[in-house]
Amino acid sequence: DPGAALLDATHDALRELIAGMMGASTGRSSPAPHVSFLALGGSEAQALELAEILSAVFGLDLAADTVMRSPTPDALARCIETAWYEGGGSVEELADRLTALVDED
């Protein structure tokens with residue numbers, strides 16, 4: 001199913017993007033998908049900053065405590081995907097947004 005494959009690829013790209021952002025915000029290398037931002041030494045202030053960055057990057061209205069409630073890259077990816085699709089975004093639009101972000105690096 002091409003739609004499912006695109007969704008899987010989108011999730012993987014999103015997880016990698018978030019992992020990179022989390023690693024950069026703590027001054028360490030990117031964490032594994034299930035390693036908590038907080039376990040890496042991330043502070044509440046950094047978690048708030050990361051939530052604000054993610055909201056701006058994806059054009060979403062994420063709650064300020066999103067990173068604190070979902071501190072791993074995989075959990076954050078699920079939160080962002082849920083907010084994206086609830087906001088009417090499509091898989092293709094999310095993939096395009098991620099491609100543009102990856103191309104900027």
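Treat the numbers as computed from the prediction; the structure is a model and nothing was measured. For the single chain, residues carry numbers from 1 onward in sequence order.
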Enumerate the residue pairs fulfilling salt bridge (charged side-chain N to carboxylate O under 4.0 Å, His left out) with a member in [range], sequence neighbours excluded, ordered by first and then second residue.
range	result
residues 69-80	R15-D74, D65-R69
residues 34-62	none
residues 80-89	none

* Verify, without hydrogens or angle tests, whether T66 (side chain) and A63 (backbone) share a donor-acceptor contact under 3.5 angstrom. => yes

* **Short side-chain to backbone donor-acceptor contact, W84 and F58, under 3.5 Å** => no

* Check step by step if side chain to side chain contact (heavy atoms under 4.5 Å, CB included) holds for L60 and I80. => CA-CA 8 Å; L60 300 171; I80 289 169; 3.9 Å; yes

* By side chain to side chain contact (heavy atoms under 4.5 Å, CB included) - contacts of S55 (at least two apart) -> L62

* Structure fact -> For A64, the side chain to side chain contact (heavy atoms under 4.5 Å, CB included) test, sequence neighbours excluded, returns L48

* Please walk me through it: do L54 and L50 pass side chain to side chain contact (heavy atoms under 4.5 Å, CB included)? -> CA-CA 6 Å; L54 293 172; L50 183 55; 4.2 Å; yes

* Evaluate side chain to side chain contact (heavy atoms under 4.5 Å, CB included) for F37 paired with M68, printing each intermediate quantity in order. => CA-CA 8 Å; F37 171 81; M68 298 300 287; 5.7 Å; no

